[in-house]
Amino acid sequence: MPKEVYLSGLFPQEISELLGYEKRWRADQIYSWIVKARPDFSSMSNLPACEREDLRLRFGDLRSSRIASELEDPDGSLKLQIRLRDGSAVECVLLEDIEGRKTACLSSQVGCPMGCTFCRTSQLGFLRDLGPDEIMEQFYFLKEKRGFVSNVVFMGMGEPMLNLPAVRKAIALLSDPKGIGMSLRKITISTSGVVPGILDLAASGPKVRLAVSLTVADPELRSAMMPVNRRWNLAVLKEALLAYQEATGERITVEAVIIGNKNAGKEHAKILADWVRPLKAQVNIIPWNQVPGTDNTAPSAAQISAFVDTLEAQDITVVKRMSRGRGVMGACGQLGDTLKLGNPST
Ligand code: SAH
Ligand code: SF4
């Protein structure tokens with residue numbers, strides 16, 4: 001993790017300690033500007049000009065990262081490519097739905113070490129974890145561009161459970177009643193099935209919504225498509241999910257990416273239904289988005305509807321996730337199309 005500290009990942013108390021301010025209210029003022037997604041010290045208009053200049057001299061920039069490119073989809077989704085201070089890059093997306101929700105899809109790592117065979121991010125490999133400041137800056141960039149963000153999902157690049165300290169700090173900042181004040185119910189962590197992370201969250205919180213990327217409930221096929229299954233198998237994963245449900249009382253989201261030539265058959269829907277049944281869960285069906293350089297094929301509309309019908313016939317609650325952001329390759333799981341990690345010239 002980079003050594004420098006930037007103010008965007010700090011609480012007022014920490015800002016105050018860092019600045020050596022005796023007047024804590026000055027740190028509160030700075031924090032309130034950060035929370036409003038102001039981009040720099042010069043826009044903090046209730047600070048004396050000399051203090052703004054002093055901050056600029058001490059810290060350079062308010063934020064550690066910058067927007068490298070912006071892509072807008074005709075459906076209104078916005079994808080930002082963020083250049084980090086070490087020259088590497090991540091992406092984040094704002095998805096708007098018809099109910100007016102504006103969901104920020106944030107990255108937690110540069111690349112991802114989990115190796116799922118259908119995921120674009122996995123092809124990039126893994127470079128490093130993001131710091132809390134770098135996670136929060138993705139949120140602030142999206143908020144600055146679109147004025148308001150109602151929900152946050154950790155479904156961008158990376159496996160959030162492998163970077164829990166930074167993700168926890170970001171969640172604490174997002175839900176701070178004196179800051180952004182987002183309800184924990186509007187924050188979702190999506191994991192490929194990193195069991196120690198799920199158990200840690202169940203034991204120590206925060207009690208955010210949990211989504212698990214199950215995709216297949218056939219042990220051999222899951223191990224082939226998602227190496228995480230070799231470390232924590234389906235039985236161990238289900239136990240952890242039951243513990244999480246016990247701790248939070250909330251419904252879990254089970255995500256299933258449907259790939260035409262892998263797991264789209266009715267027999268797969270049946271195995272999935274049996275696996276999910278003991279959980280209080282809803283299943284999100286995600287049609288696989290094309291990733292070049294793999295042997296996977298996109299599912300047909302008929303395959304998807306047969307899959308959904310089979311699940312519903314087994315009394316499973318199903319949501320077919322909108323594929324918003326496809327036009328900008330911004331649908332979750334497809335991030336990284338134009339990125340070369342760690343190469344500042346891209
Ligand atoms: N690493 C975490 C969170 C980021 S991935 C996880 O795996 O849960 C976010 C979601 O995108 C996961 O549910 C993943 O299964 C899905 N996904 C990955 N590649 C995809 C693709 N090519 N098309 C559609 N969804 C994909
Ligand atoms: Fe990582 Fe999630 Fe992609 Fe798997 S699906 S490689 S865990 S980002």
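Counting from 1, the numbers follow the sequence of the chain as shown. Just follow the structure's listing: the first ligand is 1, and inside any ligand the first atom is 1.
For atom 15 (O) of ligand 1, the choice among V257, T294, L106, V254 with the nearest heavy atom turns out to be V257. Looking at E255, Q290, M161, M226, it is E255 that brings a heavy atom closest to atom 10 (C) of ligand 1. When the heavy atoms of S107, G158, P113 are ranked by distance to atom 2 (Fe) of ligand 2, first place goes to G158.
Between R85 and E134, at least one side-chain N (NZ, or NE/NH1/NH2) sits under 4.0 Å from a carboxylate O, which counts as a salt bridge. Checked for salt-bridge contact, D295 and K262 meet the test: a charged N lies under 4.0 Å from a carboxylate O.
Atom CD of E239 has 12 or fewer heavy atoms from other residues, nucleotides or ligands within 6.0 Å. Counting heavy atoms of neighbouring residues, nucleotides and ligands inside a 6.0 Å radius, atom CD of E246 does not exceed 12 of them. In this structure, R185 places its CZ atom where only 12 or fewer heavy-atom neighbours from other residues, nucleotides or ligands lie under 6.0 Å away. Environment of CZ in R230: crowded, with over 12 heavy atoms of neighbouring residues, nucleotides or ligands closer than 6.0 Å.
At least one heavy atom of G158 sits closer than 4.0 Å to an atom of ligand 1. A heavy-atom separation below 4.0 Å is not found between A211 and ligand 1. In this structure, E159 counts as a contact residue of ligand 1, since one of its heavy atoms falls inside 4.0 Å of the ligand.
Here N289 has heavy atoms under 4.0 Å from ligand 1 in both its backbone and its side chain. Looking at T191 against ligand 1, only its backbone comes within 4.0 Å, counting heavy atoms.
The contact set between ligand 1 and I286, taken as ligand atoms under 4.0 Å from a residue heavy atom, comprises 24 (C), 25 (N). The ligand atoms of ligand 2 that sit less than 4.0 angstrom from a heavy atom of M114 are 1 (Fe), 7 (S). Within ligand 1, the atoms closer than 4.0 Å to a non-hydrogen atom of G156 are 4 (C), numbered from 1 in the order shown. Listed by number with element, the atoms of ligand 2 under 4.0 Å from a non-hydrogen atom of C112 are 1 (Fe), 6 (S), 7 (S), 8 (S). Applying the 4.0 Å criterion to heavy atoms of V291 picks out, from ligand 1, the atoms 22 (N). Less than 4.0 angstrom separates some heavy atom of S192 from each of these atoms of ligand 2: 7 (S).
Sequence neighbours left out, the pairs with a member in residues 195-208 that pass salt bridge (Lys or Arg N to Asp or Glu O under 4.0 Å) are R168-D200. Screening residues 214-226 for salt bridge (Lys or Arg N to Asp or Glu O under 4.0 Å) gives no qualifying pairs among residues at least two apart or on separate chains.
When only interatomic distances are considered, the shortest N/O to N/O separation between S190 and ligand 1 falls below 3.5 Å. Taking distance alone, with nitrogen or oxygen atoms compared against 3.5 Å, P287 stays at or beyond that limit from ligand 1.
Side-chain heavy atoms closer than 4.5 Å link hydrophobic residues (I, L, V, M, F, W, Y) into clusters, and following such links, possibly through other members, connects L127 to L130.
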With side-chain contact (heavy atoms from CB on, under 4.5 Å) as the criterion, how do Q81 and L71 come out once you've worked through the C-alpha distance, each side chain's angles and the decisive distance to 0.1 Å? CA-CA 8 Å; Q81 218 174 77; L71 282 161; 5.8 Å; no
With side chain to side chain donor-acceptor pair (under 3.5 Å) as the test, would you mind laying out the steps for R251 and Q245 before giving the verdict? CA-CA 7 Å; R251 197 157 67 161; Q245 231 157 31; over 6 Å; no
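Residue side and main chain included, C116 places no N/O/S atom under 2.8 Å of atom 1 (Fe) of ligand 2.
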